[in-house]
Each structure stands twice: as C-alpha cells, then as structure tokens.
Amino acid sequence: MLITSLSVEGSGRFASTARVDGFGTGVNVLAAGNEVGKSTLFKAIRTCLFCRHDSKTQEIRDLGSDDSQLPATVQLAFEHDGKRYVVRKSFLRSPSAVLTEGGREIARFAEADKAVWDILGISPGSGRSIDEGAFGLLWVGQGSSFTAPVPGTGASSLLNAAIESEVGALVGGERARRAIDEINAELRRNLTDSERGPRSDGPLARTQDNLEHWREVEADSFTKLSALEQQFTELTQRRRRHHQITDPGAVARMTQELMDARNSLREAQAAAQEIRRLEAESVAAERALEGAAQRLRQHREVVSRIDTNRRREADLAKTLPEHLSQEQEARAALARTEEQRATAESEVKTLAIKEQYLERLAGALVRASRKDELARRLKSLDDTAKNLTEIDVQLSQVRIKPKTVDDLDELDRQIAALDAQLSAAAATLAVEVKPVGVGQVRIGSIRAQGSHAAPVLAPTKLTVGDLAVVTVTPAVHPRQEKRQTLDAERATLLKATGVASTAEAHVLLARRRDLENSRRGIFAELKSLKAGDDPTAACAEVKSALAEIEVSIEAALAATGRTALPSQAEIDTKRLEYDQKRNALDARCASLDAAREEQQEAVENAVAQRTGAETKLEMLRKNIAEDLALCPDADRAARDAAMVSEVAAGEAAQQTKATTLAAVRETVPDTAEIERRELRCQRLEQALENHNAELMQLERDIGRLTGQIQAAGGDGVGEAHAAAQEQRVLAEREYARIQERIATLQLLRDTVGGCLAEGRKRYYEPVRRHLRPYLSDLFPGAELELGDDFTITGMKRSRSESFKRLSGGTQEQIAVLVRLAMGTLLAERSGNVPVILDDALVYCDDDRINLMFDALSRAGKHQQIIVLTCRLRSFAPLGGHTLRVQMNGAG
Amino acid sequence: MRFIHSADWQIGKVFKQFGAKEEALRQARLAVIERLGVHAKSNGVHHIVVAGDVYDSEAPNSHTLRAPIERMKPFADIHWHLLPGNHDPHRPEGVWDRVAQLGLPPNIHLHLTPTPFALGRNAFLLPAPLLRKTELDDISAWMDRAPTPAGALRIGLAHGSVVNFGSDGEATNPIDPGRAANASLDYLALGDWHRTLQVRPAIWYAGTPEPDRTGGQEQGTALLVDIAGPGAAPSVLPIVTGTYRWITRAERLDDESALADLDQRLRSEPDLSRLILRLRIEGRLPLAAHAAFQRRIADLEAAVFHLDVDQASLTARPAQADLEAIDFDGVLRRSADRLRSLIEDSAAAPELRRRAEEALVELYVRIVNLAREEAA
C-alpha cells in the first residue's frame, strides 16, 4: 500500500479543506509545529480506512470540528497491488462513503467501507469494531511509540503466517503453555513464588506443620511412656526391697543383736568404774606419803638454817667497826676539797666584774666614735628642712593651675576669633590726617598721624582738634553678645586666679613649675639621706641619738670610776690579761669538781657498806628468831623422830593400794575392748535406724510411684503413644508424597518449558533475522529476547536485561525498530503496509536519532514510511519526501 | 472338657492409617468378645481362655480398659480366663491391677500368678503370666512341677514364642515346645502368634480373633477345644470370630487385559465392604493403560473397606500410541520424548527416572484431558 494524497475537511483544526501532497515511496516527513493538525491528519487516515462511515463512535466525534456545520470529510488516495484507489468518507452529518478504483466508483456507503477492508486485507471484528491487522501494529499514534508493540489478533495472524511460511508452525505451543500454567498454579499452591520454600498457607506447609506436630506429640508421649516404664521398674525394685527388709526374722535378729551388745557394754562400763575408784584411792595414799616426807624435809631444813645463821651473825658483828672508820676518812677528804672549790669560785666572780667593766668602757668608746658622723648628718638635715620650708612658702603664694591657664588660652582664642569675625563685619573708620592736621586728630585717646584705618567695633570718638568730636557708633552685631559673654567669663577667671592678664598667668605658672622642680630635688636629697619625707623628724632622731651616746659614756665612766675613756689599745691589753686569768681559773675549778665527785662516791660507798652490814645482821637475827619459833632447840630431836615414823607408815599404805589395783585390772576388759563394744552398739543402733528410715522411704516411694503409674494409666499413655506414632508415620508419608509430587511437576514443567523455549526461539528466528540489521544500527551485537505473542521480554548485550528496566528512550527506540522489522517481514510477504509514526523518537539524543534515521531509511527501501513530527530542525537530516499541508481558506 | 482358646485381642489398638474408618476397626476387636460368648453358648462351653495380650498397651485409657470387661459381663455363665501377655504384662499398679480395681464379676478371672486354677472338678488351668515385656527364661517351666490332683486335666496357658519356632513371632519370650510333654499337659494354649497354628498335637496358637495387618491371618479365628479326658488327644476346631478380612494380593500387570482380569478377580471377592486389601502391583504398563489402572484403583478403593496399593514396582512404559496421543510433533512431543529418554537412561539416578516416569504419565493425563476439553 502506498498513500498518495490526503485531504481533510471539517476535522479538528481543518474547518475547510486541507490537502497533504508530496507522498512518495520510502520516507515521507511532515514536519510542522504544534497545533498545526498533524495528529488530526493521522486520525483522519485511520478513520477513513477503518471506521464505518455511518459510525458515531467517540473517536469519530472527536474527529469533527466544533465550529464547522459541514460533515467531517476525509479523502484518501492510495495505491495497492498496482491499482489506484480513492476513498472519500463523510462522517457525522450526511454520512457517505465512496470508493473509486482508477477513477471509477466501485462501491458506495457500507459496501465502500467493506471494499476498503477487503482491499487492505483486514476484517470486521466482533460487533462494530474491526481488527486493523498490520495497520494496528505499524501505525503508531502520538504517545504510543514508547510501548512495545503487541500485535493484535489480525497482526499476529499475519506475522504467524509470514513466519510459518518460512519455518513452519510452533506445534503444541499453546497446549504447552496451558499445561505449564496449570502446573505452575499447582506448584504455587504449595511453594512460594521463588519455589525456595513452602507457601505458608499451602498443602506442603500444612503437611510439614502437621508432621512437626505429630513428631512433637510422639516425642512427648514417648517421654511419658519411658517415664512410666521407669516407674514400673522402680516400683518393682522398691517392692522387692520392701519385702526383703520387712522380713520379721531379720528384724528380730537385728534387735536381739543390739540388746546383747548393750548388755556387754554395760558390764564393761561397771568394771571400768571400779578401776577408777581404786585408782583414786591409790593416788590418795601416794599423796599422804609425799606429805609426810615433805614435812620431814622441811623440819630438817629449819634446823640446818638456824645453825648457819648463827655462824653468819658472829662473822658480821666482827666487821662492823671497820666499816665506820672508812666512812669517817672519806667524809674528811670531801670537806677539804669543797673548801678549795669555794676559794676558786670567789676568784672567778671577781674576774667577771672586771671583764664587765672593761666591756662597758669598750661599748662607750664605740658609741663615742659615732658622735661626729651624727653631728654632720644633723647639719645636713637642718639645711634641707629650711630649704623645703622656704619653697613650700613660695608655692603657697603661687596657686595658679595649668588648667586655668589652658581655659584662659581657650577664651582668648575664641575672643580673637569673634573679634576677627566682628572686624570683618564692622564698618571701617578710615582717617587720613593731612600735615596740617597732625596732632589735631585723635581717635579715642590715640593721636592719629598719616593714614589710619580700623574697624569700628565700639562707639569711637573722633576728635578733630577743637573743631569737632565725631562719635562713630557701630550697629549692634549678633555676635557682639557672645563676645561680651566671653569677656565676662575671662574677667571672672582672671579675678579668681588673681592675675590681670593671661600673660601674667603664664608667668606665674612657669614660676610654680620651677618651685615644684626644686621641691622634688629636696625630696631626692632627703631620700639619699634616708630621712623620709619629713626632715624635721629626721633631725629630731639624730639629736636623740647624740644625747643617748653622751648619757651612756657618762654612765660608763661613773661605773668604772674613771674620768675619761681608755684607749682601744688599753682595752685590748686588759682583755688579753683577763682571758688568761679566766682560763687558769676554769682549769682549777674543773680539777676540784672531779676530785669532789670522786670523794663523794667514796663516802657513799663507805656508808653503803656500813648500812648493808647492819641490815644483814638484823635480818639474820630476825630469821634465827623466826626459825627458833618453829623449832625450839629443846624440841628438835623429838620432832625429828616423830616425822620419820610417819613417813614409814605412809609407805606401807601406798604399797597396799597399788597391789589391789593391779589385781583388779587384770580381771576387767581393757579400754580397747570397751571402745569396741561401744562402737558395735552404735553400729547396730545406726543399722536399725537406717532400716527404719529405708522402710519409710520405700513406703513413700511406693506410694509416689503407685500414684504416678495410676495417673499415667488413667491417661492411657501407651495408647496415646501408639496413636502418635501412627499419625507421625502417616504425616511423613503424606509429606514425602507431596514433595515427590512437587518434584515431578517441576520436572515436567521444566521439561515442557525448555522445549517450548527452544521451539519459540526457532519460531521467532525470521522476526529476529529481520530485526537484526535494524538493531545492529543502534545496538551493535545486541539480540532481542521475545516471549509469547511477539512480546519483547528483554535485550541481550553483554548480559540479559529486562526490557522494562531499559531507559525510556531505549525502550522507544527498540519498540520502533521492532515495528520496522515486523513491517519489513510483512512487506516481504506481500503485506506491504506503510509505517506511520506520529510524534515518535522524542527522547533520542543526537547520535541515536541519526542512527534511527538510518534505520527508517533502511525500512523505506521496503515500504512507505510516514513520519509526523513537530521537531523541524531535528528531523531535517531524515531526508525523504517533504509533505506539506495545503489549506483552502482559513485553517 | 470343652473350652474356647483365644488370644491376642489387643483391645485399644490404633489404626490411624485408616483415618475415619479407625473406629470401625477398634469396635470390631470388641465385637470379637461378644462373638466368642455367642460361640461358647452355642457350643456348651463354660470356659474361654485368653492366652495373653488382651490389651494392646499396658497403659490403655479408662474407656479402653473397661470396654472388654463390659463386653464379657453379659455372659455370666461363661468363665473368662485372662492372662497378661507381652503387650500387657502384669506389673505392680499396671493394667491388671487397674482391671482388678474395677470390681470384676466372679466369672472373670485374672491369672496374675503362676498358680493352678481349678476349671470345675477334673481340670486345672496352669497359667504362666508375663510380668515384664521380655522374659529371657521360659516362664512356663513352673508347669512341670505344678501340683494337680491325680486324674485331673492339666491345661497350660502361656504367651510367647516357641523355642526355635519361626523368627517372626511378636516377642522373644521363649516357650519350650516340649513343655506339654514335660509338664504332662493335656493342652497348652498359646498366644502371641497371629495365625492359628498347631505346634505339637497338644500345643496350639489360637491366632488373632480379628486381624490387625495384612500378610498375616486373613480371617479372625479362635479354637474350640474338646478333650475327652486326661491323656486324650485334643479335638481342635477353628471358629470364625473376625469381622474384617485382611488380604494381600501381588499381581503383575503388563497390558490392559491383565488389568481387566485383576479387576474382575478382586471384585469377585466376597463381602467387599469388609475387605481390607493390600495390592502389590508390578509390571510395565503403557501410559493409556497406566491411566486406566489409576481409574480402576480409584473405583476399587470405593468398593472395599480399605485399599492400600503398592505400585512402586509398576512402571509406565510409553507406547508409540501414547506418545502420539500427546502429540505427533512439536513442543509437547519433544517434552514427552525427552522424559522417555530420561526414563530409559540407565546412568540416571533411579529416583530421577522414577520421577520422569511419573512426569510423563502426568503429561499424558493432562494432555488427554486438555484434548478432551477442547473436543468438548
């Protein structure tokens, strides 16, 4: 099919007739701005070919022009199979349709509609719609170029016919898809979409949960059953043991054995008691014997001590006079030494007085040497004090302050400025005194000579001899008042300062500054004299020091009885003499002190020896008296004989007790035997207690186990366990069955799916072959992946990419390329249909759009390509036939 | 002396694999007791000896515990002699103490100790109760020394495996097959073996009165024993006590005619509604026949009480017609061919080949159904 011309009237923006000319084979481009009516033309072609002329669908109503009272009329001329056709249809108002072939009308009205469809190979669809076939695939309206082409039934039939004419049909594909869909549906019921795990609400998950449930129930029931078995075993053991330990014979034997052991122990304990009594008596006899012997020993010791003390008393009485003589000699020597020490002490005191006088004279001599220096200092201070007093008096008379002088200067400056201003503003009194008038003319009190000119600031009298007195009074100037105020302030300040003028004030201030400098010099001098800021007080201090020195010299002379101070040499000689005397006296005193200490020690030793001898003698006499009180000389022999007899009796009694004890010991059990009997009793008592405790424990255990077994029996744990086991087996079997079923279905699906993919790949090869050159123009080496019904699922370059994940621009470019390839495929199979692109390739960059133009040019070799675009400059490089809209009347 | 010898009632046994039908099987085991009572009455029998395993578990629930007692009570003229077996050994506070605490009527006797028990004036029962699940010693040995009056019949009652007799007995509790002779027993009533069996002239296993598995005794029975006098050979007559028949059939199917034949034979079994059938099928069936087999199995399952089919050894052999039924060419045919190759690949894992076989059958069934839908 080749569209050759189009005219539109009463459609959209074309209220009057618009004609598009210039159609040709290959690429045709209608480039015009927005709202020119390109899309209206596209719709007009579609409506003219595919719609019934008497249809009132929304699409046709949209085609009509709002302000046109005419019907929407479209006339399309095209060539097909070598014949020229013109179809003209009017819609909405006075609908009509006429089809001509080679200029001859061949059909009208509905027949014309149908005849067009027959020529183009499209068929009416259900109801009033039609299947546009390849036109629906290759004619892309505004905004539709972005979506991948999805061929309708007619287009698919055409494509399938074209493909099958080359590679044959894809047999069983539809059934395979249905089978796969059904299998997937069943798998989806069991598995998640990724098939990595069971679907939570599916049969597999339920079976798995059921299996887990029964495993838990079985484990639980097994635990209970095992516990019951254990309880049965324990109960049997406990009962057997209970039977054993409740045997009456055994219990009686244990009891009798304990009684026998206790009796045996009691006998042994009684014998041990007798032994302890005899041992106590034996010990008492031994103690009595020891007492008698002790008393005999003590008696004999007293007798011996009396005799010894009597001998020592006699010896001491002989040495006592010798001790008294030695004491008297020592005391006499000590008295002599103390007398010598007192003499030396007196000499020392005399020497000390002399040394004291000498030191006093030496001090007076030192102080006398400072008198001259103090007198000089006193004179300097006196002079300085007089100068300072004089300067202070002068300063008190010159009181002017620097700020006052500054204030006066400022007032003078302001007055001068005002005077200058007043002078400038004042009238000038100019007088020229001629020679004859010399001396005759006075201005104020001044005698004028020659030329005179001055401003008149105040009333001025001009006296001309006696001829005239002219008073010139200036007008009152506004600044005059200010000038007067300043004058008053200066007068007040001068009066307060006590000066007549500012210059005098400056002189006084200079004088004051000189005095202040002199005063600072005096203070610096005082500072060098270390006299502080008050020279009068410093003078008083120096005078006081001089007086004190005089007093101390007088006192020293009076004390030493001298009339004048000695010289320093005389004092030094005396000092040497006194030092020598003192050293000799100190040595003598030390020697006497050492002798005195030695003699005092000798006296103390002599006294101690004497008193010791006296004390010992007294003690011996006292001891002798005490011992004689215990043992008078007259009873000595009788007492000794009685005590000897008492010792002999004690020895006999002790021997008797020891013999009895040894005899009894041989007849009773020893300690080890008693201990053994005690241990045996304890062991048997413990055994009996253990027996009773075990019996109680057994009875408790039997009761507990009986209760547990009865409870478990009532619960029917054995039956429950058997049921749980069978349920678990059933659940396992069902789980395995579903898993096997899933695996079988997955195998079947994958097998059928694999075969279907292979078949589809072979089937789509013609499409892919036609697509390859176009695709290579833009995406070298790329391959498109096609799914069912020619859908584009992805593109494979270095890796497979989902079509939906590609950029919008790339998606549009691929969609257009696929349409071009399909158009080429159909064109080669006598299905030559123009490709119309309305406002396509919107997002192409500069490189891509040129490549797309190459692809369009490539497609133009096989079929007519009509491109409608508003991008005039961008599409200029496309070339091809340029279409223009020719308007008749207002458009 | 005439009595009935029964054993292995195993009251309370669970049958969870039967789903909702479980209760019917449990009730059938209780119905045995009434049927024994009826048999006893009709044969003038006053003693029924049960050789162990009255209960399936030694910890049954209270209802299970009471149910058999209540079934025996109406038969007041009949003495029921119950013996603990390996499923319900007598242990302190165990199942038998619980039964005793129920308050038994005088005609129900629990033989919990190896003590002679007089069955009338001239016969003594010598019970050998199991006191644990497994005994290593022959607990019937005491019968050799058991005193009974001279001229009295001596009837032994025990539960266990006869020594060297079969290896598939239920327990290892040994019983010397010479016990009858050694203990001068006129009859040794045994339990544990779930098939009626004569071990020696006077030693019998009663078999189960109601089977609980396939591969064993098909019909539940007990033994009617008649002994003329001491030393006389016992007359033993099996009597039917069971409700359900448990049968196993192993068949080979290689074509549809064998399938039809099997179907006909199975359907000719009596009383299908009380038949528990385990079917082991082997062979190789074409896909069409395989699908037909599945349909017949589904039909048969609805006809019998329970059907358990083991078809692990039945393989699908896709015939040319099967493959053509899937498609002559195209995607589906290639899929079928690929699965068939996998089935025939001896290097492939067996489970994968088996799975491929099931997948091929699945494909066949689905495509046939699709074709049927499309044709409709």
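Computed over heavy atoms, backbone and side chain alike; hydrogens, waters and symmetry mates excluded. Reminder, nothing fancy here: chain letters follow the sequence lines and each chain counts from 1. Just so we're clear, the structure is a prediction, and the values are computed from it rather than from any experiment.
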Item to complete: Decide if atom CZ of B/Arg338 counts as having more than 12 heavy atoms of other residues, nucleotides or ligands within a radius under 6.0 Å.
Response: yes

Under 4.5 Å to a heavy atom of chain A? For B/Ala336 that would be neither

Distance alone, cut at 3.5 Å: any donor-acceptor contact between the side chains of B/Ser57 and A/Glu719? no

All heavy atoms of B/Val331 vs all of A/Cys755, minimum pair found to be O-CB, 3.7 Å

Looking only at B/Gln101, B/Glu22, B/Arg355, most heavy-atom pairs under 4.5 Å shared with chain A are made by B/Arg355

Correct closest heavy-atom pair for B/Pro92 and A/Thr236 would be CD-OG1, 3.7 Å

Whatever's closer than 4.5 Å to a heavy atom in chain B on A/Arg178 counts as side chain

Bottom line for A/Arg239: the part with an atom under 4.5 Å from chain B's heavy atoms is side chain

Max heavy-atom pairs within cutoff under 4.5 Å with chain B, candidates A/Ala720, A/Ala723, A/Gly759, goes to A/Ala723

When the 4.5 angstrom heavy-atom criterion is applied to A/Leu730 and chain B, the contacting part is side chain

Value for OG (B/Ser335) from CZ (A/Arg175), rounded to nearest 0.5 Å, stands at 13.0 Å

Whatever's closer than 4.5 Å to a heavy atom in chain B on A/Leu745 counts as side chain

Rounded to the nearest 0.5 Å, the CD1 atom of A/Ile180 sits from the CZ atom of B/Arg366 at a distance of 11.0 Å

Hey, are B/Arg354 and A/Glu740 close enough for a salt bridge, meaning a charged N less than 4.0 Å from a carboxylate O? no

Lys/Arg-Asp/Glu bridge criterion (N-O < 4.0 Å) met for B/Arg91, A/Glu229:
yes

Give a yes or no on whether A/Asp247 atom CG has more than 12 heavy-atom contacts from other residues, nucleotides or ligands under 6.0 Å away. yes

Heavy-atom closest pair (A/Glu726 atom, B/Lys16 atom, distance to 0.1 Å) is OE1-N, 2.6 Å

A/Thr744 backbone acceptor or donor facing B/Glu358 side chain under 3.5 Å
no

Salt bridge or not between A/Arg749 and B/Glu362? Use side-chain N to carboxylate O under 4.0 Å. no

Counting heavy-atom pairs under 4.5 angstrom with chain A, the leader among B/Arg132, B/Glu374, B/Arg333, B/Glu357 is B/Glu374

Considering residues, nucleotides and ligands other than A/Lys761, do more than 12 of their heavy atoms fall under 6.0 Å from its NZ?
no

Highest number of heavy-atom pairs under 4.5 Å with chain A among B/Asn61, B/Leu363, B/Asp97 belongs to B/Asn61

Separation between CG (A/Leu747) and CG (B/Leu342), nearest 0.5 Å, reads 6.5 Å

Quiz item: Do other residues, nucleotides or ligands put more than 12 heavy atoms under 6.0 Å from the NE2 atom of B/His63?
Solution: no

Applying a strict 4.5 Å limit to non-hydrogen atoms, the region of A/Glu758 in contact with chain B is side chain

Report yes if the side chains of B/Leu370 and A/Glu182 come closer than 4.5 Å at any heavy-atom pair, otherwise no. yes

May I have the step-by-step check of side-chain contact (heavy atoms from CB on, under 4.5 Å) for A/Leu705 and B/Glu93, ending in yes or no?
CA-CA 9 Å; A/Leu705 290 165; B/Glu93 306 304 329; over 6 Å; no

Bottom line for B/Arg98: the part with an atom under 4.5 Å from chain A's heavy atoms is side chain

